[in-house]
There are 2 protein chains.
Amino acid sequence: MSVTQVRKERERAEREALILDHAQRLLVRDGFQDLNLDELAAAVEYSKGTLYLHFESKEDLTLAIATRAARERADLFERASRFQGRSRERMRAIGFACCQFAIMHRDYFNVEMMLKSASFWEKASLERRRLHGVQAGRLFQTTNAIAVEAQAVGDLPREHRAVDVTLSLFAITMGSHIVAMQPDVQLLAGIEDPICVVRQNQDRVCDGWGWKPLLAEWDYAATDRRIRDEVFPEATWLKTP
Amino acid sequence: MSVTQVRKERERAEREALILDHAQRLLVRDGFQDLNLDELAAAVEYSKGTLYLHFESKEDLTLAIATRAARERADLFERASRFQGRSRERMRAIGFACCQFAIMHRDYFNVEMMLKSASFWEKASLERRRLHGVQAGRLFQTTNAIAVEAQAVGDLPREHRAVDVTLSLFAITMGSHIVAMQPDVQLLAGIEDPICVVRQNQDRVCDGWGWKPLLAEWDYAATDRRIRDEVFPEATWLKTP
DNA sequence: CTGTTTTTTGACCGTGCGTCAAAAAGAATT
DNA sequence: AATTCTTTTTGACGCACGGTCAAAAAACAG
């Protein structure tokens, strides 16, 4: 590949990032339905035709936004999984990564939810679907590896499959985000901080599977401080008691 | 009100139900985005103008579908809550109602998820939003009452608020439905029956809060049989061992 | 049968996604 | 520097669909 081609490719990637930045901003502001591609074209100062050189449909563009966020999330998960500690502490580090991500991208789950609709999914390009699958796979595998290890060292009962545990943690995380982000639910249930709800529920699920050490048997506040100091120094949201 | 007006009102309600029936079918088939109001008008054999005598926008129509389903769900919850037994058995009956509903409306959660988008919500009429709030309130209150009672009789530790427990159960239910319904997840995690995943996760969350009697301390298969026999005789999906 | 009110209709409008012929920019050649 | 060929970019346009409303049809009243 010639030098020129390398430069072209880099410029193309930069333009794609620019488009994604603006598109994400508008998507968060207006939602998918009201995301206007003419406005986006004006914002990035390129024509609509140029947008379509990068993305083959509005859905494709939206999926690209979700995939970029998913990659970032998977990166945080992998950082978290390197935390040195007992298996449940490491899983807690994953939960910590979740929070860190949720704070950086308050609205990621709104975008993620669109992907669950079949009619949306099938309008995105095959290649982008594949790329998203890769990131989703990283997220799952990183988490599941900890559950598998937990069974290996005897912290987590072997009577159930590790994937079931992992899946339940994904479910409680997604579900908690969805319900705790609803303003009416926040009022009804007196929720101050949705992030706390997510973490609390993750803890309950782990306890529910009998993942040692249980909440009552360990000082997880200390674990949290270690996670922050050793893995996520940027996590200023964790209040140290 | 004259006799004629009563008849008119009944006919109007019947037509609205007809529209909702067809709209629900098309919504499930095509998703919100591809739900075509011209096609719907043709299906119900009324003009598009007539549709707009009932619903002030496509979102309004969709919300009406969701609310009708939510009412049905709340009815099942209330039936379930009348089950005679210990508090956790009664909560299990609620989980049972969830399953019964999920089987009758495989795709309810897809519709429900649309409502989480702010841009969707604000396009529906005030009155319909209110009506949906009423049904959502019934669902929550019916469930929460059991958690409150569980604390009163000492089955559920008092160290946490009952609403937090209720909320976590809603979260695990919604989250499990979403993740377990994904075809790729089903393959990745080897899921045969998504319904089982939902129930299993609900059990884990209850155990996680220390809701007595715990899974290991009670014969919940027997409870399930009682629930079916006494409350949901139509639930043929429960295989009796 | 005729005039009045109510109900229903479908042609029409605006919006916004996606396309593609044409213009502009860039590279190569003379 | 001029010309030709190639690549890149553009924005006017086609079209599908949600929503409107004047007019037609139906129902009703006298």
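Chain letters run A, B, ... following the sequence lines, proteins first and then strands; every chain starts at 1.
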Handout entry: Side chain B/Arg161, main chain A/Ala189, donor-acceptor under 3.5 Å
Key = yes
Handout entry: Nearest listed nucleotide, side chain of A/Leu53, among D/dT9, C/dT8, C/dT19
Key = D/dT9
Practice task
Describe, as an angle rounded to 10 degrees, how the axis at the first end of the helix from C/dC1-D/dG30 to C/dT30-D/dA1 is tilted relative to the axis at the last end, five pairs per end.
Solution key: 20°
Exercise for the section: Kindly say if A/Arg7 contacts the phosphate of C/dG26, meaning a side-chain N or O under 4.0 Å from OP1 or OP2. Expected result: no
Handout entry: Contact under 4.0 Å: A/Lys58 side-chain N or O vs C/dC17 OP1/OP2
Key = yes
Handout entry: OP1 or OP2 of D/dA16 under 4.0 Å from side-chain N/O of B/Asn36
Key = no
Handout entry: Which residue lies more 5' along DNA chain C, comparing A/Gly49 with A/Leu35 via nearest heavy atoms
Key = A/Leu35
Completion exercise
Residues passing the side chain to side chain donor-acceptor pair (under 3.5 Å) test with B/Tyr108, sequence neighbours excluded, are B/Glu112
Handout entry: Sugar-phosphate only, base, or nothing, as touched by B/Arg12 at under 4.0 Å among non-hydrogen atoms
Key = nothing
Exercise for the section: Considering just the side-chain nitrogens and oxygens of A/Ser47, establish if one lies under 4.0 Å of OP1 or OP2 belonging to D/dT9. Expected result: no
Completion exercise
Of C/dG18, D/dG19, D/dT8, the nucleotide closest to the side chain of A/Ser57 is C/dG18
Handout entry: B/Thr166 side chain to B/Thr143 backbone, donor-acceptor under 3.5 Å
Key = no
Practice task
Residues of residues 119-129 of chain A with any non-hydrogen atom less than 4.0 angstrom from an atom of DNA chain C: list those, numerically ordered, please.
Solution key: none
Problem - Check: B/Phe96 ring centroid to B/Trp237 ring centroid under 6.0 Å - result: yes
